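For reference, the structure is listed below as C-alpha cells.
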Amino acid sequence: STPQFRETLVEAVRQLVSSMSFERVELEIKGDDYGFVTDIEPDYYTNIDPGDDGETLSFSLTFRGTVAATTEDQLFSLTLNVLGDSTTLLDSYDILVVVPGAAY
C-alpha cells in the first residue's frame with residue numbers, strides 16, 4: 001500500500017506547512033556561476049501565511065547576457081528555490097538559460 005502511505009505523508013506535510021507562517025519569503029538562485037540573474041524583484045515578501053488559500057507570490061528576474069556565443073547553442077541550468085525564513089524550502093523550479101549559437 002505504498003501509494004496510500006505516500007498520500008498520507010503528502011497530506012501530513014501539506015498540513016504542517018499550512019499551519020506555519022513566515023516572517024520572510026525570498027527567492028534563492030542556485031547554479032548561476034556566470035551571473036545571468038542581475039536582479040530579483042521584490043527582494044522578499046514579509047509576514048506570509050501559506051495557509052491562506054490562493055495566495056501567489058511573484059518574483060521578477062532580470063537577466064544579462066554574460067556568456068559569449070559560440071557556434072553551438074549553450075545551455076545553463078539554474079534552480080530557483082523559494083525559502084521561508086532562510087531555512088524552509090517552500091518550492092523549487094529548474095530553469096534553462098539558452099545562449100544561442102552564432103553563425104560565423
Side-chain angles (χ1 to χ4, degrees):
S1 82
T2 301
Q4 185 179 14
F5 173 73
R6 186 177 313 144
E7 290 173 20
T8 302
L9 183 60
V10 167
E11 184 57 30
V13 170
R14 184 176 295 132
Q15 288 176 7
L16 175 65
V17 170
S18 70
S19 68
M20 300 173 77
S21 63
F22 299 96
E23 290 183 24
R24 179 178 171 129
V25 173
E26 62 192 317
L27 188 66
E28 170 190 67
I29 311 294
K30 290 286 191 179
D32 190 10
D33 299 335
Y34 293 97
F36 291 114
V37 178
T38 60
D39 190 40
I40 301 171
E41 287 292 329
D43 291 333
Y44 55 87
Y45 289 89
T46 58
N47 301 317
I48 300 300
D49 181 1
D52 293 343
D53 289 334
E55 183 168 8
T56 300
L57 303 179
S58 297
F59 291 94
S60 295
L61 284 73
T62 303
F63 289 82
R64 178 180 59 181
T66 59
V67 173
T70 61
T71 55
E72 301 291 325
D73 290 353
Q74 299 173 76
L75 302 175
F76 299 89
S77 178
L78 307 180
T79 301
L80 312 179
N81 291 325
V82 181
L83 298 176
D85 294 336
S86 300
T87 57
T88 304
L89 180 63
L90 300 174
D91 211 342
S92 184
Y93 300 94
D94 292 323
I95 63 170
L96 285 178
V97 174
V98 178
V99 177
Y104 292 101

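Atoms considered below: every heavy atom in the structure, side chains included; atoms not considered: hydrogens, waters and symmetry mates. Keep in mind that this is a model prediction, so the values were computed, not measured.
- In the hydrophobic clustering of this structure, I29 does not group with L96; members are Ile, Leu, Val, Met, Phe, Trp, Tyr whose side-chain heavy atoms approach within less than 4.5 Å, directly or through other members.
- Surrounding CD of Q74 are more than 12 heavy atoms belonging to other residues, nucleotides or ligands, all under 6.0 Å away.
- With values rounded to the nearest 0.5 angstrom, S86 atom OG is found 4.0 Å from E26 atom CD.
- Nearest heavy atom pair, residue S92 against residue N81, reads OG-OD1, 2.9 Å.
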Could you pull out every donor-acceptor pair under 3.5 Å between side chains of residues 32-44 and any protein atom, sequence neighbours left out?
unit_1	atom_1	unit_2	atom_2	d
D32	OD1	G35	N	3.1
D32	OD1	F36	N	2.7
D32	OD2	F36	N	3.2
D32	OD2	V37	N	2.9
T38	OG1	T62	O	3.3

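- Although no hydrogens or angles enter the test, the distance criterion places no donor-acceptor pair under 3.5 Å between the side chain of Y93 and the main chain of V82.
- Counting heavy atoms from C-beta on, the side chains of L90 and F22 come closer than 4.5 Å.
- Here the closest non-hydrogen pair linking A69 and P100 is CB-O, 3.6 Å.
- Atom-to-atom distance recorded for K30:NZ and L78:CG is 12.5 Å, nearest 0.5 angstrom.
- With contacts defined as side-chain heavy-atom distances shorter than 4.5 Å, the pair L89/L83 qualifies.
- At a threshold of 4.5 Å between non-hydrogen side-chain atoms, the residues L80 and L61 count as touching.
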